[in-house]
2 protein chains.
Amino acid sequence: MQQDDLAAIMRALGHPVRLEILRILARKAQNCCCNDITDCLPLAQSTVSQHLKVLLDAGIIERRAKGTRNNYCVRTDRLAAFSVATRDYVGDLGTAAGSCADVLDAVS
Amino acid sequence: MQQDDLAAIMRALGHPVRLEILRILARKAQNCCCNDITDCLPLAQSTVSQHLKVLLDAGIIERRAKGTRNNYCVRTDRLAAFSVATRDYVGDLGTAAGSCADVLDAVS
DNA sequence: ATCTTTTATCGTAATTTGACGATGGAAGAG
DNA sequence: CTCTTCCATCGTCAAATTACGATAAAAGAT
């Protein structure tokens with residue numbers, strides 16, 4: 001995964017409400033629409049819809065028209081890839097840096 | 001780690017420049033000041049300083065006065081905790097959701 | 001055909017972000 | 001003491017984010 005993509009997903013996830021929305025989606029899994037989420041949050045429907053769009057644009061969730069409703073669900077594959085990319089990124093930093101604090105202590 | 005803290009770190013990491021700054025810090029490990037980073041990026045010193053503040057406020061990096069300079073380094077511990085928290089969060093979503101897309105396919 | 005439900009989108013307002021140049025203060029160098 | 005280097009902070013500006021209410025379109029229900 002590209003660094004910019006990683007940043008984009010981080011940014012999309014970088015809001016407590018959106019983390020909570022994903023949890024709600026995961027819990028109600030198979031049949032969750034915008035109103036269902038709005039019922040769980042102290043926010044207006046339009047605000048929730050906006051947050052859903054952010055997650056949608058980042059490719060973290062999926063939308064499926066179902067009659068008069070739109071069902072959303074988590075894109076587990078994308079999140080798994082993100083989790084791996086995050087681990088790799090952090091891992092790279094760690095191996096490159098060693099324990100920087102210790103080095104500074106040793107030098108001073 | 002609290003969900004809000006996770007969101008705060010995600011947000012701090014949710015910018016390509018800041019991901020790049022962390023990489024630079026990790027590479028130059030033991031002796032990296034604001035100017036060093038600025039030299040690696042097409043940005044003004046004040047802009048880099050601002051990004052450093054964001055990372056600092058999120059607890060992702062550490063500052064150490066060293067003579068006339070301020071050395072920064074990555075807080076590997078915090079990033080490791082973040083990596084774990086991310087994995088756990090994504091893992092929770094996965095187990096709660098199953099493969100939601102498949103469920104929807106089966107229902108439709 | 002009409003009504004209701006759902007929800008994306010528009011318009012708006014307040015706040016935050018991201019970028020810059022300028023500046024002042026802190027600390028070593030001469 | 002003076003000079004230079006480093007850099008956090010201030011002021012500014014444009015753009016993005018976050019929230020809201022209003023609204024219209026789409027689709028099922030009556």
Side-chain angles (χ1 to χ4, degrees), chain A residues 3-22 24-25 28 30-73 104 107-108, chain B residues 3-22 24-25 28 30-73 104 107-108:
Chain A
Q3 193 154 292
D4 285 5
D5 298 335
L6 185 59
I9 296 183
M10 294 256 194
R11 160 161 268 178
L13 295 179
H15 193 294
V17 166
R18 289 196 285 269
L19 289 186
E20 191 53 36
I21 286 176
L22 287 182
I24 293 167
L25 280 179
K28 304 209 178 181
Q30 68 281 30
N31 216 24
C32 194
C33 69
C34 181
N35 272 351
D36 294 335
I37 300 167
T38 304
D39 289 343
C40 302
L41 296 171
L43 291 172
Q45 176 267 322
S46 56
T47 303
V48 172
S49 187
Q50 252 180 336
H51 281 299
L52 286 171
K53 183 167 165 46
V54 172
L55 293 170
L56 201 56
D57 289 347
I60 299 169
I61 63 176
E62 206 173 347
R63 174 159 66 193
R64 305 204 171 191
K66 178 88 184 191
T68 173
R69 328 176 15 154
N70 274 338
N71 282 323
Y72 288 92
C73 63
L104 284 180
V107 169
S108 62
Chain B
Q3 193 153 292
D4 285 5
D5 297 335
L6 185 59
I9 297 183
M10 293 254 193
R11 159 160 269 177
L13 294 179
H15 194 292
V17 165
R18 289 195 285 269
L19 289 186
E20 192 52 37
I21 286 176
L22 287 183
I24 294 168
L25 279 179
K28 304 210 178 181
Q30 69 280 34
N31 217 23
C32 194
C33 69
C34 180
N35 272 352
D36 293 336
I37 300 168
T38 304
D39 288 344
C40 301
L41 296 172
L43 291 172
Q45 176 266 323
S46 55
T47 304
V48 173
S49 188
Q50 251 180 339
H51 281 301
L52 286 171
K53 183 166 165 47
V54 172
L55 293 170
L56 201 56
D57 288 346
I60 298 168
I61 63 175
E62 206 173 348
R63 174 158 66 193
R64 304 205 172 190
K66 177 86 184 193
T68 174
R69 328 176 15 155
N70 273 339
N71 283 323
Y72 288 93
C73 63
L104 285 180
V107 169
S108 61

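Given the structure is predicted, the values throughout are model-derived calculations rather than measurements. Naming convention: chains lettered A, B, ... in sequence-line order (proteins, then strands); numbering from 1 in each chain.
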Out of curiosity, L52(A) CG to Q45(A) CD, how far, rounded to the nearest 0.5 Å?
9.5 Å
Whole angstrom is fine here: how far is it from NZ in K66(A) over to C1' in dG28(D)?
13 Å
Value in whole Å for how far the P atom of dT18(D) lies from CG of L19(A)
12 Å
Hey, what are the protein-to-nucleotides 7-9 of chain D N/O distances that come in under 3.5 Å?
from	atom 1	to	atom 2	distance (Å)
dC7(D)	OP1	N70(B)	N	2.7
dC7(D)	OP1	N70(B)	O	3.2
dC7(D)	OP2	C34(B)	N	3.4
dC7(D)	OP2	N35(B)	N	3.1
dA8(D)	OP1	N70(B)	ND2	2.9
dA8(D)	OP1	Y72(B)	OH	2.7
dA8(D)	OP2	S49(B)	OG	2.6
dA8(D)	OP2	Y72(B)	OH	3.3
dA8(D)	O5'	R63(B)	NH1	3.2
dA8(D)	N7	Q45(B)	NE2	3.1
dA8(D)	N6	Q45(B)	OE1	3.2

Counting only side-chain N and O atoms of H15(B), is one of them less than 4.0 Å from OP1 or OP2 of dT17(D)?
no
A8(B): which residues meet the side chain to side chain contact (heavy atoms under 4.5 Å, CB included) condition with it, sequence neighbours left out?
none
Taking atom CZ of R18(B) and atom CE of M10(A), what is their separation to the nearest 0.5 Å?
11.5 Å
In Å and rounded to the nearest 0.5 Å, what is the CG to CZ distance from D4(B) to R11(B)?
11.5 Å
Restricting to side chain to side chain contact (heavy atoms under 4.5 Å, CB included), what partner residues turn up for S46(B), sequence neighbours left out?
A44(B)
Whole-Å distance, R64(A) CZ to dA27(D) P, equals 17 Å
Please report the interatomic distance CD1(I61(B)) to OH(Y72(B)), rounded to the nearest 0.5 Å.
6.0 Å
For E20(A), check side chain to side chain contact (heavy atoms under 4.5 Å, CB included) against everything at least two apart and list the hits.
R23(A), I24(A), R27(A), L41(A), Q3(B)
Outermost contacting nts on DNA chain C, any atom under 4.0 Å from chain B heavy atoms, listed 5' then 3', are dG18(C) to dG28(C)
Would you please name every residue forming a side chain to side chain contact (heavy atoms under 4.5 Å, CB included) with D36(B), sequence neighbours left out?
K28(B), C32(B), C33(B), R69(B)
Quick one: is R18(A) getting a side-chain N or O under 4.0 Å of the dT18(D) phosphate, OP1 or OP2?
yes
To the nearest Å, give me how far apart CG (L55(A)) and P (dT17(D)) are.
13 Å
